[in-house]
Every structure is written in C-alpha cells, then in structure tokens.
Amino acid sequence: MLSRVRRARTGLRRSCPRKSPQRRTPPEKEPIPALQELKSVAAGDPTAALCRLLSSSDPALHDYPACSSLLYRLARARLFPELEALLLFVRSRRIPCKDSLFSALIRHFSRASLPDKALGLFLSIPSFNCPPGSPSTQTFNHLLDSLVDNGRHDEAESLFSRSSDFGLRRNHVSYNVILKGRLQRLGKDDGFAYARQLFDEMRKRGIGPSVVSYNLLIGFLTKNNNLSKAMDLKEKMIREGTYPNAVTYAILMKGLCSSDNYAAAKKLMFDMEYNGCKTKLVNYGVLMSDCRRRGDMEEMRKLFAEMRIRRMKPDDVIYSILINSFCTNGGVRDAYKVFVEMQVKGKFRPNAAIYRMMVDGFCKAGEFEKGLGVLNAMLASGHYPRVKTFECLISWLFEGGRVREICFLFEEMEKMKKGLALDVWHSLVKTVCLKCDDFADLLCELTSMAFVEDEENTFHHLHPP
DNA sequence: GGGCATCGAG
C-alpha cells in the first residue's frame, strides 16, 4: 500500500519490460569545411572568426549554424560589441534565427550586468527573421529574470503587466520571477501577504502556484527566521495539491542548519524519503556545507561515503564543497586528491573559484611549489587568480631567485591589467637588502623595467622583459 | 547542421 502511495506521489510507474525502440542511424552529413574552419578559428580568437565571417562570400558562413555558433562563442567570451555587430549582420541579411538563440543571449547580457542590452535585444526580436510566435514566453521570462536579477524591479513588473502587448501569455514561471523580485524587497509580513495574493491570482488564471512558487515562499520564511511557519507551509502546500520536492526539503534543511540544528536537518533528509521524495545531491550539499561551516570533517567524509554507497555521482558543486572544506580545514592534500578525482573520474573542468581555492590552499599551507603547479594549469585554462595570490607566489619565487618564473607571472598580471601593491614591493626590496649581492643583481634585473604608480597605489609593469 | 532550454537549492 505504502509503495503504491509513494509511486503515486513521485509519479513513478512500476517498471515493466518494454521493447527498445528501433533506433535509426541519422544519415551521414557532408562536412562543411568553411564551417569547421570558422569554429576552429573562433575557439582561439573569436574576433578573428568574426572578421572572417563578415568578409567572406561563402554562403555556408552566412547561415544560421555558422552565425549562431559564433554568436554563442562571442557571448561566452563577453565580446559584446562584436556580438552586436554580428547581430546587425544577421538581421540585415535576413538570416533565419531560432527563438532559443535570443533567450541564451539575453541570459548572457544579464550575467554580464547588461540588462539594458537584454531589453534592447528582446524588443528588437520582431525585426529578425524568426519563426512565428517569437519571442516566446520563455524568452520573455528570461528577460524578466534578467531585469529582476539586476535590480530593475519596476521595469520587470511593468513588462509583466504589459505581456499582452507582445502577444504573450504569462505562465507560472513569469509569476515566479515576479514573486522572487518582490520577496527580495519586502519584509516578513508584507512578503507573505503579497505571495498569498499572487497565489490567488495565479489560481484564478488557471495557472496555480507551482512547487517553485512555494519554494520561493518557504525560502523567504526560513531566511526571515520563521522556520516553524515554513514547515507549516510545507504541509499546507500538500493540502493545496502541490507536493514538495528535493529543493523544498533542501531549503528547510538549510533553515535547520542555520539555526544550529544539524541533527534535525539530517533527520528531515531521511523523512523526505519516507514521504516519497527521493534524496538528491542538493540535500547532501546542504549537510556537507554545514559540516564545512562547523569544521566537522569526519561527518563530511561519512556523508561522501554514504553518497557513494547510494551510487549518487557527485557533481561540480559537491566537489567544490569538498575542496573548499579540506582547504579551509588544513587538509590541502586531501583537497588536491578531490581536485584530481573531480577531473579524472567526474570529467569536470574546474572553474575559476575551484582553482583559486586550490592555489590559495597550497599557499596557505606553505606548499608553494604545488600552488605554482595548479596556478599554471589555471592560467592555461584561461582563469586568473586573485592579485594577492600572485603577490604571495612572487614573494616566494623571489626568495628562491627564480627570475624567469617571476617574469612569467608579471606578464600574466599585465594581461589582467594588475600590478603588485606598494607594500609588496617594499617587502621584496627589504628581502634583497638583507641578502647578498646576487639578490641585488636580481632586483636590478626586475626594476630595470619601467613602472608607473596609479591611483590605486599599485605599480603597473609597462615593458615585459 | 547547431549549442547554454526559463523560476527555487547545496
């Protein structure tokens, strides 16, 4: 009986043997050399690829696959003037575009804190050669979200109320974005009242609050120290016909952890399974983050082992929590093991934050040689450390008289348009003065390059040796 | 023959 209830709640069906559908192999497509070449150029130098595309007369480059792939590439590289130039080209040539391209570009503008560009692009969609029905509600929602995330609440609400002007019907996601924006600005009581009012409106329109709507409100309550009300709401949402999911439980578990009740959070993770909701990585992530906060590495290891037993494959966030925990709790070598496992076993490429944790972890532990090794990998993958990290490693290399590596790091700092702080230079000079004549030669070598002081009181290295 | 696929969470 219980298993039937659980299946009904989770929407799972009893597994039954099914014939696997006959898979047809897609027909072989002729490779398009011009497109392949453009993509390989774009991988190294997106601007050069743009020049090639604009100056070419090859019709293969003046088509959606070539233009969209380059638009995505330019967006990722945050080369927005170049991206806009290509958009003008696409529009003037009436190249057919998909609506999803605009969604993605709006998102890129938003992440780069360019909400005006996002809005401008959305409004210009009808002037492109798009399929009927563009822009879609999904693209509209991306725009609403980009405005809310950039603090442009009034514009988001104004657009939301004028959705019909664009021939669009708002859906539950549109409502949730607006709810998220309002809850960011309202206090305890007003936020709750507003949400109830919005939920009623959603029901009247036949949309109904979704699990995300409830999660937003539950999260709002836990952040406002109203954990018991949040727990009550979880029960109420079930009565109102919406079942909590792993995120709902994660939000509540985080609330319990924040009020120093780790044991209750862990118990809730077991209870959710009993209630028919499958535990996900996010639930383990909440517990592991709390272990990191409390420095409880033993429990952290237990949780990680338990995940393994349950055959849950860690994702990049879980790896990041582990690496961070080991680095901040004096286990940099364990952190490095996880860092390697993440790449070899997990097939994840470390992001800038993970590289920074690792390099800084090694520097903090005095293992500069290893820190330098990770730094090299970091720079090779196009990520940069903090200036303080450069300073720390340069000071250490200075002690060892490793001029070539110091110069390499200076060149990398130059790319970031950064320089050493004045106090770091002072300490380097002091080191030289305390050492023998060889070090004085080293100082001459390094300072033979021209430096200029800027308003931030840092020296910019003007001429790389 | 194009990609990142809306909103909540670690």
Side-chain angles (χ1 to χ4, degrees), chain A residues 26-32 34-36 38-39 42 60-61 63-76 96-108 110-111 135-146 148-149 156 160 168 170-181 183-184 195 202 207 209-220 222-223 237 242 244-255 257-258 265 269 279-293 300 303 307 312 314-322 324-325:
Chain A
E28 283 279 318
K29 281 166 189 163
E30 282 289 313
I32 305 168
L35 178 59
Q36 301 305 324
L38 181 85
K39 281 160 75 174
L61 296 188
D63 203 358
Y64 185 67
C67 292
S68 65
S69 71
L70 187 52
L71 282 166
Y72 283 124
R73 176 69 67 175
L74 291 166
R76 272 207 304 273
C97 291
K98 284 190 179 177
D99 181 67
S100 56
L101 171 72
F102 295 103
S103 286
L105 297 183
I106 285 171
R107 200 146 196 89
H108 278 287
S110 175
R111 286 192 197 129
S136 65
T137 299
Q138 189 166 322
T139 302
F140 178 68
N141 291 340
H142 271 122
L143 174 69
L144 289 182
D145 199 41
S146 77
V148 166
D149 283 350
F160 175 76
L168 294 167
R170 306 178 289 212
N171 63 11
H172 64 282
V173 179
S174 328
Y175 275 93
N176 289 341
V177 172
I178 293 302
L179 176 63
K180 176 177 83 168
L183 291 179
Q184 280 170 12
M202 288 170 86
I207 299 165
S210 67
V211 64
V212 176
S213 323
Y214 284 102
N215 287 352
L216 280 162
L217 190 51
I218 289 173
F220 171 80
T222 58
K223 278 173 210 142
M237 70 188 272
T242 307
N245 63 10
V247 176
T248 318
Y249 284 100
I251 295 166
L252 291 168
M253 286 166 64
K254 195 185 169 199
C257 288
S258 305
M269 191 167 88
T279 306
K280 292 202 172 168
L281 289 176
V282 62
N283 305 100
Y284 275 96
V286 169
L287 294 184
M288 289 168 81
S289 285
D290 198 56
C291 289
R292 171 186 56 192
R293 182 179 69 87
M300 171 87 78
L303 290 170
M307 278 175 56
M312 293 173 84
D315 65 2
D316 54 340
V317 181
I318 295 287
Y319 280 124
S320 158
I321 296 168
L322 275 169
N324 191 350
S325 307

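Note that the structure is a prediction, hence the values are computed from the model and not measured. Here is how names work: the chains are called A, B, and so on, in the same order as the sequence lines, proteins then strands, and each is numbered from 1. Reckoned from all heavy atoms, side chains included, excluding hydrogens, waters and symmetry mates.
- Out of B:dG2, B:dA5, B:dT6, the shortest distance to the side chain of A:K39 is found at B:dG2.
- Between A:L322 atom CG and A:L303 atom CG the span is 9.5 Å, to the nearest 0.5 Å.
- Among the protein residues, A:V286 comes within range of the sugar-phosphate backbone only, with heavy atoms under 4.0 Å from sugar or phosphate atoms but none that close to a base.
- Between B:dT6, B:dA9, B:dG2, one nucleotide has an atom nearer to the side chain of A:V247 than all others, and that is B:dA9.
- Within the 4.0 Å cut-off from OP1 or OP2 of B:dA9, not a single side-chain nitrogen or oxygen of A:K280 is found.
- Residue contacts for A:L144: at a heavy-atom cut-off of 4.0 Å it reaches no nucleic acid atom on any strand shown.
- In this structure, A:I321 and A:G285 approach most closely via the heavy-atom pair CD1-O, 3.7 Å.
- Counting any heavy atom pair closer than 4.0 Å across all strands shown, A:S103 reaches no nucleic acid atom.
- With distances taken from any side-chain atom of A:K223 to the nucleotides B:dA9, B:dG10, B:dG1, the minimum falls on B:dA9.
- In this structure, A:V177 reaches the sugar-phosphate backbone alone: every heavy-atom distance under 4.0 Å involves primed, P, OP1 or OP2 atoms, never a base.
- A straight line from CG of A:L322 to C1' of B:dG10 spans 12 Å, rounded to a whole angstrom.
- Among the heavy atoms of the strands lying under 4.0 Å from A:L281 is at least one base atom, whether or not backbone atoms are also near.
- As judged by a 4.0 angstrom heavy-atom cut-off over every strand, A:I318 is placed among the base-contacting residues.
- Taking atom NE2 of A:H172 as the reference point, atom C1' of B:dG8 lies 11 Å away to the nearest angstrom.
- Comparing atom distances between the A:N171 side chain and each of B:dG8, B:dG2, B:dT6 picks out B:dT6 as nearest.
- In this structure, A:D149 pairs ionically with A:K180, as a charged nitrogen and a carboxylate oxygen lie closer than 4.0 Å.
- Residue-level contact check: A:N283 touches neither bases nor backbone, having no heavy atom under 4.0 Å from any strand.
- In terms of heavy atoms, A:L287 sits closest to A:C257 at CD2-SG, 4.4 Å.
- One finds the CG atom of A:D145 at 11.5 Å from the OG atom of A:S103 (value rounded to the nearest 0.5 Å).
- Rounded to an integer number of Å, the gap from A:N215 CG to B:dA9 P is 9 Å.
- In the set B:dG2, B:dA5, B:dA9, the nucleotide with an atom closest to the side chain of A:Q36 is B:dG2.
- Regarding A:Y175, its OH atom lies at a distance of 19 Å from the C1' atom of B:dG8, rounded to whole Å.
- The ring of A:F160 has its center closer than 6.0 angstrom to the ring center of A:Y175.
- Between the P atom of B:dA9 and the CZ atom of A:F220 lies a distance of 14 Å, rounded to the nearest Å.
- In the set B:dG10, B:dG1, B:dG8, the nucleotide with an atom closest to the side chain of A:D315 is B:dG10.
- Going from atom CZ of A:R111 over to atom C1' of B:dT6 covers 11 Å, rounded to whole Å.
- Residue A:F140 is classed as having no contact, given no heavy-atom separation below 4.0 Å to the nucleic acid.
- A:I218 comes within contact range of no nucleotide atom at all, as no heavy-atom separation falls under 4.0 Å.
- Proximity of A:K254 to the phosphate of B:dG10: a side-chain N or O atom is located under 4.0 Å from OP1 or OP2.
- Using a distance-only test at 3.5 Å, with no hydrogens or angles considered, a donor-acceptor pair links the side chain of A:S258 to the main chain of A:K254.
- Closest to the side chain of A:V317, out of B:dG8, B:dT6, B:dG10, is B:dG10.
- With B:dG10, B:dG8, B:dT6 as the choices, the nucleotide that has an atom nearest any side-chain atom of A:I321 turns out to be B:dG10.
- Per the geometry, CG belonging to A:N141 stands 14 Å off C1' belonging to B:dG8, to the nearest Å.
- Taking atom CE of residue A:M237 and atom P of nucleotide B:dG8, one finds them 16 Å apart after rounding to whole Å.
- Closest contact between the side chain of A:Y64 and the listed nucleotides B:dG2, B:dT6, B:dG10 involves B:dG2.
- For A:V212, whose side chain is taken as the heavy atoms from C-beta onward, the closest listed nucleotide among B:dG2, B:dG8, B:dT6 is B:dG8.
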